[in-house]
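Data block below; observations after.
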Amino acid sequence: MQIKEILQALPSLSISDRLKIAQSALQLVIQEKHSLTKDEQKRQLTLAAMTAIADYAPGSELDIFSDYLQQIWECNTPRSVTL
């Protein structure tokens, strides 16, 4: 299967299947990390960050901590004090 075909098929897959593919690809990259150039390492980190942001965005399937995190944020956010 060519890269173009794989990329075209991704949108039709479930999030679970896409995550399995991403996990498998990341494992392969980690196994070969010693051979990555600095640019490839930066690209790997960028993709991991983008994936994490999308996975935990409001309304995503993995947004299981949003209520909990909101409570923590509200408890730890300093309130303005008026005298």
Checklist outcome for this item: So CD of Gln8 and CD of Glu5: to nearest 0.5 Å the spacing works out to 7.5 Å

Checklist entry - Which ILVMFWY residues can you reach from Leu10 by hopping between side chains whose heavy atoms are under 4.5 Å apart? => result Ile3, Leu7, Leu13, Ile21

Checklist entry - Could you state the interatomic distance from CD (Gln31) to CG (Leu26), rounded to the nearest 0.5 Å? => result 10.0 Å

Checklist entry - Which residue pairs pass the side-chain hydrogen bond (donor to acceptor under 3.5 Å, both in side chains) test when at least one of the two sits in residues 40-50, sequence neighbours left out? => result Thr37-Glu40

